[in-house]
Amino acid sequence: MERWTWIGPIRRLPLASVLAGGLALLGGQVQAAPETYVIDPRHTTVAFLVHHIGYQNTLGQFLEVEGSFVFDEETQDLDDLQVSISSTSVFSNDEPRDKHVRGGDFLDVESHPEITFHMREAKATSAESGQIMGDLTILGVTQPVTLDVTLNKIGPYPFPVKGSVPYVLGVSARATVKRSDFGMTYAVENGLVGDEVQVIIEAEAVRQ
């Protein structure tokens, strides 16, 4: 699996030097190592927007998300990003609609209880932004998807959690996918439900 090095085309981005003071010292030099981060489900939202008969965009989300990745602060390498979403946890604040979305016209959760994303590669576009390219699997169909990602903040939490101070990385990500690319064609032709789906991700991950 490819690694994401968050460095610009000419030099390492400023974030690395800002973080360097917090890294352990070894042999008189700043040293770091790849660390595993686990997505915090209490502070992570995976949501979507889709047209409803052209009148408005229906906002929904998935309430159960888990995932992890490996990140090295010094080299800015991102590796092994994997995310799993429970398709049965879809929620749009309307139970009849959610029941329909869980059924065969849309997510078919009985046959496909999970939606997954696996990173293939990534690249920086600025000091705080980049793109992550990966494989998104819905309904057993895998398609390439590009996430536009903003690195919001990384560092110790401002207060203890369960007696210790966690080290947290926070990001925002956006993407657009087509339902029909995954074989979900219900109400696409007549325009009752939009084909394009805007994906909205706000996530915090805790260093282990």
Side-chain angles (χ1 to χ4, degrees), residues 37-69 81-119 129-153 157 161-162 166 168-206:
Y37 288 76
V38 173
I39 289 174
D40 179 0
R42 293 179 61 247
H43 297 102
T44 295
T45 299
V46 176
F48 59 87
L49 281 170
V50 59
H51 283 304
H52 178 247
I53 324 178
Y55 289 112
Q56 51 91 29
N57 290 313
T58 295
L59 175 64
Q61 68 181 102
F62 294 95
L63 302 180
E64 297 178 15
V65 182
E66 60 182 27
S68 63
F69 55 88
L81 170 63
Q82 301 187 48
V83 178
S84 177
I85 299 167
S86 169
S87 57
T88 62
S89 71
V90 67
F91 174 78
S92 67
N93 201 33
D94 184 80
E95 181 53 36
R97 176 171 56 215
D98 292 345
K99 183 177 181 180
H100 187 192
V101 173
R102 294 186 194 107
D105 287 337
F106 292 97
L107 293 175
D108 192 11
V109 301
E110 289 191 7
S111 299
H112 305 282
E114 284 189 328
I115 298 168
T116 61
F117 178 82
H118 298 278
M119 186 190 91
S129 62
Q131 292 183 320
I132 298 176
M133 287 68 75
D135 296 319
L136 178 65
T137 300
I138 304 174
L139 294 174
V141 178
T142 301
Q143 296 286 352
V145 170
T146 297
L147 293 168
D148 294 314
V149 183
T150 299
L151 178 62
N152 297 321
K153 186 176 181 178
Y157 234 42
V161 177
K162 295 182 179 180
V168 177
L169 182 151
V171 298
S172 301
R174 302 292 185 268
T176 300
V177 300
K178 286 189 175 182
R179 296 190 296 119
S180 58
D181 287 344
F182 299 89
M184 193 188 303
T185 58
Y186 174 82
V188 170
E189 187 173 351
N190 59 20
L192 294 180
V193 180
D195 189 15
E196 286 196 348
V197 179
Q198 299 177 53
V199 180
I200 303 164
I201 300 170
E202 297 291 331
E204 294 182 13
V206 180

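We number each residue from 1, following the sequence as shown.
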List the steps and the verdict of side-chain hydrogen bond (donor to acceptor under 3.5 Å, both in side chains) for Glu114 and Ser84. CA-CA 7 Å; Glu114 284 189 328; Ser84 177; 3.0 Å; yes
Verdict with supporting geometry, Ile200 and Leu49, side-chain contact (heavy atoms from CB on, under 4.5 Å): CA-CA 8 Å; Ile200 303 164; Leu49 281 170; 3.9 Å; yes
Tell me, with the steps shown, if His118 and Asp135 meet side-chain hydrogen bond (donor to acceptor under 3.5 Å, both in side chains). CA-CA 5 Å; His118 298 278; Asp135 296 319; over 6 Å; no
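Counting all heavy atoms, side chain and backbone alike, Asp105 lies closest to His100 at OD2-NE2, 2.8 Å. Taking every heavy atom of both residues into account, Ile201 and Arg174 meet most closely at O-NH1, 3.2 Å. Across every non-hydrogen atom of Pro166 and Val206, the tightest pair is CB-CG1, 3.9 Å. Nearest heavy-atom pair across Glu202 and Asn152 is OE1-ND2, 4.4 Å. Contact record, Phe182 with Val141: CD2-O, 3.3 Å, taken as the closest heavy-atom pair. Thr146 and Ala175 get closest at one heavy-atom pair: O-CB, 3.5 Å.
A donor-acceptor pair shorter than 3.5 Å can be found between the side chains of Gln56 and Thr58. Of the N and O atoms on the side chains of Thr45 and Gln61, not one donor lies less than 3.5 Å from an acceptor on the other residue. Looking at Gln143 and Asp181, their side chains never bring a donor and an acceptor atom within 3.5 Å of each other.
In this structure a side-chain-to-backbone donor-acceptor pair under 3.5 Å is missing from Arg179 to Val197. The backbone N or O of Asp108 sits nowhere less than 3.5 Å from a side-chain atom of Ser111 that would complete a donor-acceptor pair. Counting only distance, with no hydrogens or angles, the side chain of Arg102 and the backbone of Leu107 share no donor-acceptor pair below 3.5 Å. In this structure, the side chain of Ser68 does not engage the main chain of Val38 through any donor-acceptor pair within 3.5 Å. Listed for the Ser92 side chain is no donor-acceptor partner under 3.5 Å among the backbone atoms of Gly60.
In Glu110, the CD atom is not crowded: 12 or fewer heavy atoms of neighbouring residues, nucleotides or ligands sit closer than 6.0 Å.
Ring orientation note: the planes of Tyr37 and Phe69 are close to parallel, at an angle under 30° on the 30°/60° scale.
Checked for salt-bridge contact, Lys153 and Glu204 miss the test: no charged N lies under 4.0 Å from a carboxylate O.
Leu59 places none of its side-chain heavy atoms less than 4.5 Å from the side chain of Phe48. Thr116 has its side chain out of reach of Ile85: every pair of non-hydrogen atoms, C-beta onward, lies at least 4.5 Å apart.
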Residues 183-191, side-chain donor-acceptor partners within the protein, below 3.5 Å, at least two apart:
unit_1 : atom_1 : unit_2 : atom_2 : d
Asn190 : OD1    : Leu192 : N      : 3.0

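When the options Val50, Ile53, Val101 are evaluated for a side chain to side chain contact (heavy atoms under 4.5 Å, CB included) with Val193, the one that passes is Val50.
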